[in-house]
S.K.: 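First the structure, which I've put down as structure tokens, then a few questions once you've had a look.
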There are 2 protein chains.
Amino acid sequence: MIPKYKLIYQDIKENIQSGKYPQNEFLPSENELTKTYHCSRNTLRNALSILATEGVIQPIHGKGVRVIFPPEVEHPNFIYHGIGQFDEALEEDEVALKKFVNVFSELYINEEISKLTTFPINTPIYYVERVRYMDEKPVILHRSYFRQDIAVGLTKRISEASIYNYLKEELKQTIGVTKRTIFVEKATKLDSDLLELEEYDCVVVVVNRTYNGEGIMFEFTESRHNPAYFVYSD
Amino acid sequence: MIPKYKLIYQDIKENIQSGKYPQNEFLPSENELTKTYHCSRNTLRNALSILATEGVIQPIHGKGVRVIFPPEVEHPNFIYHGIGQFDEALEEDEVALKKFVNVFSELYINEEISKLTTFPINTPIYYVERVRYMDEKPVILHRSYFRQDIAVGLTKRISEASIYNYLKEELKQTIGVTKRTIFVEKATKLDSDLLELEEYDCVVVVVNRTYNGEGIMFEFTESRHNPAYFVYSD
DNA sequence: TGGTATTTGTCCGTATGTATC
DNA sequence: GGATACATACGGACAAATACC
């Protein structure tokens, strides 16, 4: 049962994307919208608040609610957009995507890795190292640490398919927040080899910490990107 | 008059930061909190929803609301954190910050710049080019385009102080959403010279589009960062 | 200048649904 | 099943900003 406010949210969003509610124009007033959706003002405002935090609309006190969904910007080097839930996000796309699992191992967190990941020392971990390919070119090197007590039964085979699908479908885990940090590092020899870096001598490092639906951090991933194919939007 | 839900939001956040509500523990139940704050459940949930979208807490249906405020992560190359409202964010800090205005000019948007900024052709613009220094080293080259009809009366002198202070204090403009895109480009000769790039042959480009409180995009800024000093957290 | 209607912002109380223990 | 806790939804009231006459 999808709640009413989510349906309203989706409908308004589609109407914005389709152009029924154009850029820089105002939406119909909240009073009108409650009539068209046969709902209370609270429910409608619940839907609107999601769009507002997404940055799709901007309510202006006493005036109305303006649409500020911006046109997508093109980049000369645009290829990869969106980070983190790479699997789900792009599985549908028609791009030639592949991944290759270099390393799959089980280990216990030692002091050094604890410092990096903030997992407590001696936590049992699945360590997965994967390379992402796009159009036959390696673009990202992922180094992931999953808590064994949450990603129970993870295998190399599953890592080659979709870890997130496994977590959600098999383990019924819900995925919560992801916290992200981005910076640049000089490329190591390993980076250069695995990512076939040519024009760049550095990599973009994206660190993701993912929490499950219970607020437990269960994944730490360091993704090393070929700068030529890196684009991030918030 | 600060609304009640914001006071509650601030109070809970402070209690989390002070450790009164510890990491990975649950907050008191919504019912209890409504009693301590003498408010309705709606008002309290309004406050909680802000904390949830900030990623500070995570509500779990039927169980409680968990604190997931994570410890700040250190970077070996950590210096600069936070982008965009650089002025306000760091003016208080004790770091040796300076900026130097290279170019200040008035111009009309032409076809090429319109493509870049999405401002309509012939829009009157203030163009500002600034270099950011930190501890005497140049770290960021900013190229900003401000709509003249919104940033009325902007001058070179103001740009050397704080443009945002001017917008807010003098022009009584309210600042709305900022949309951001990050990617990497090969450094130009100009980048290398102005930013004194040494170990890197590239720059991190952060594109900011800033909207005012009315939902009008009035600023487009392309910030070219020295990768050695670039760290971004979301 | 001022008053009125419109529109969003804040706040309350209540009822019911659903997940967890 | 019952108690607790969060999620959804309704309706009403008043405040504050804006627009318009």
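Sequence lines set the chain letters: A, B, ... in the order given, protein chains first and strands last, and positions in each chain run from 1. These numbers were taken from a predicted model, which means no experiment stands behind them.
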S.K.: Among D:dC10, C:dT8, C:dC12, find the nucleotide with the atom closest to the side chain of A:C39.
M.R.: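 Among D:dC10, C:dT8, C:dC12, the one nearest the side chain of A:C39 is D:dC10.
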S.K.: More 5' along DNA chain C: B:Y5 or A:M1, using each one's nearest nucleotide?
M.R.: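 In this pair, the answer is B:Y5.
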S.K.: Within less than 4.0 Å of OP1 or OP2 of D:dC10, is there a side-chain N or O belonging to A:T43?
M.R.: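 So the side chain of A:T43 is within the cut-off, an N or O lying under 4.0 Å from OP1 or OP2 of D:dC10.
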S.K.: If you compare every side-chain N and O of B:K63 against the phosphate oxygens of D:dT4 (OP1, OP2), does one of them come in below 4.0 Å?
M.R.: no
S.K.: Please pick, from D:dA9, D:dA15, C:dT20, the nucleotide with the shortest atom-to-atom distance to any side-chain atom of A:P3.
M.R.: D:dA9
S.K.: For a quick check, tell me whether the side chain of A:H61 and the base of D:dA16 share a donor-acceptor pair closer than 3.5 Å.
M.R.: yes
S.K.: Do the rings of A:H142 and A:H225 sit parallel, tilted or perpendicular, given the 30° and 60° boundaries?
M.R.: perpendicular
S.K.: What pair of heavy atoms forms the shortest contact from A:S18 to A:N15, and how long is it?
M.R.: OG-O, 3.2 Å
S.K.: Has the side chain of A:R41 got a donor or acceptor that lies under 3.5 Å from a partner of the other kind on the base of D:dG12?
M.R.: no
S.K.: Restricting to non-hydrogen atoms, name the atom on B:P28 and the atom on B:Y21 that form the minimum distance, rounded to 0.1 Å.
M.R.: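 For B:P28 versus B:Y21, the nearest heavy atoms are CD-CE2, 3.6 Å.
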S.K.: Between A:I60 and A:N42, which residue's closest nucleotide on DNA chain C lies nearer the 5′ terminus?
M.R.: A:I60
S.K.: For B:K4 and C:dC12, is the shortest distance between a side-chain N/O and OP1 or OP2 below 4.0 Å?
M.R.: yes
S.K.: So, OP1 or OP2 of C:dG9: does either fall under 4.0 Å of a side-chain N or O from A:R45?
M.R.: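 So the side-chain polar atoms of A:R45 do come within 4.0 Å of the phosphate oxygens OP1 or OP2 of C:dG9, strictly under.
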S.K.: Take B:Y37 and B:E32 through the test side-chain hydrogen bond (donor to acceptor under 3.5 Å, both in side chains) and record every step on the way to the result.
M.R.: CA-CA 9 Å; B:Y37 288 114; B:E32 290 176 56; over 6 Å; no
S.K.: Considering only side-chain heavy atoms of A:S40, which listed nucleotide, D:dC6, C:dT10, D:dC10, is closest?
M.R.: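 The answer is D:dC10.
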